[in-house]
Amino acid sequence: QVQLVESGGGLVQAGGSLRLSCAASGRTFSGYAVGWFRQAPGKEREYVASVNWSGSSTVYADSVKGRFTISRDNAKNTAYLQMNSLKPEDTAVYYCAVGLGTRTPSSYDYWGQGTQVTVSP
């Protein structure tokens, strides 16, 4: 079992920044890829970004490429999502997950409870 807890969400104006954290406990965190997903009201869960087990390889959705940066610190069992130049359409609940690291939610084994990000115009 891996327990994941997200933090760092909040309310920010458009153009602002937030840094989300995903703290892991339980089984070896470094053995998994980490993904960030988001879900807005009435919409399906959407892939945001993922990072491989070592942090050497990252992938981003086109909608966040150039604005968001995913990273991880295996010594701290924590992953991060730095979000810059935020837009109102980035408003959603953001989830971190660990697993194979693809764009598909079903390839992830463990999920956090989510953290709300709200971007005002």
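All values below were derived from every heavy atom in this structure, side-chain atoms included, with hydrogens, water molecules and symmetry-related copies excluded. The first residue of the sequence shown is numbered 1, and numbering continues consecutively from there.
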State, to 0.1 Å, how close [X] and [Y] come at their nearest heavy-atom pair, and which atoms those are.
{"X": "Gly9", "Y": "Val117", "answer": "CA-CG2, 4.1 Å"}
{"X": "Gly101", "Y": "Ser107", "answer": "N-OG, 4.5 Å"}
{"X": "Arg103", "Y": "Val59", "answer": "NH2-CG1, 3.4 Å"}
{"X": "Leu18", "Y": "Gly8", "answer": "CD2-O, 3.8 Å"}
{"X": "Gln116", "Y": "Val93", "answer": "OE1-CG2, 3.2 Å"}
{"X": "Phe29", "Y": "Ala24", "answer": "CD1-CB, 3.3 Å"}

Glu89 CD: over 12 foreign heavy atoms closer than 6.0 Å: yes
Close side-chain approach of Trp111 and Arg45, heavy atoms under 4.5 Å: yes
Return yes if some donor-acceptor pair links the side-chain N/O of [X] with the main-chain N/O of [Y] below 3.5 Å, else return no.
{"X": "Asn74", "Y": "Trp53", "result": "yes"}
{"X": "Thr102", "Y": "Thr104", "result": "yes"}
{"X": "Asn52", "Y": "Gly55", "result": "yes"}
{"X": "Thr78", "Y": "Lys76", "result": "yes"}

Nearest-0.5 Å distance that lies between atom [atom1] in [X] and atom [atom2] in [Y]:
{"X": "Ser30", "Y": "Arg72", "atom1": "OG", "atom2": "CZ", "result": "7.0 Å"}
{"X": "Ser17", "Y": "Phe68", "atom1": "OG", "atom2": "CZ", "result": "9.5 Å"}
{"X": "Thr69", "Y": "Met83", "atom1": "OG1", "atom2": "CE", "result": "11.0 Å"}
{"X": "Tyr95", "Y": "Leu81", "atom1": "OH", "atom2": "CG", "result": "15.0 Å"}
{"X": "Tyr80", "Y": "Asp73", "atom1": "OH", "atom2": "CG", "result": "5.0 Å"}
{"X": "Arg19", "Y": "Asn84", "atom1": "CZ", "atom2": "CG", "result": "11.0 Å"}

Cluster overlap Val12 with Leu20, hydrophobic side-chain contacts below 4.5 Å: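 Val12 clusters together with Leu20.
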Connected via hydrophobic side-chain network under 4.5 Å: Tyr32 and Tyr108: no
Taking distance alone, no hydrogens or angles, what donor-acceptor pairs closer than 3.5 Å link side-chain atoms of residues 60-67 to residues at least two apart or in another chain?
from	atom 1	to	atom 2	distance (Å)
Tyr60	OH	Ile70	N	2.9
Asp62	OD1	Lys65	NZ	3.2
Arg67	NH1	Ser85	O	3.0
Arg67	NH1	Asp90	OD2	2.7
Arg67	NH2	Ser63	O	2.9
Arg67	NH2	Asp90	OD1	3.0
Arg67	NH2	Asp90	OD2	3.4

Audit row: Tyr94, Glu6, side chain to side chain contact (heavy atoms under 4.5 Å, CB included) steps and yes/no: CA-CA 8 Å; Tyr94 282 71; Glu6 301 97 335; over 6 Å; no
Contacts of Tyr47 that satisfy ring pair (Phe, Tyr, Trp, His ring centres under 6.0 Å) - sequence neighbours left out: Phe37
Arg38/Thr91 under side chain to side chain contact (heavy atoms under 4.5 Å, CB included): CA gap, chis, key distance, verdict: CA-CA 9 Å; Arg38 64 187 183 187; Thr91 295; over 6 Å; no
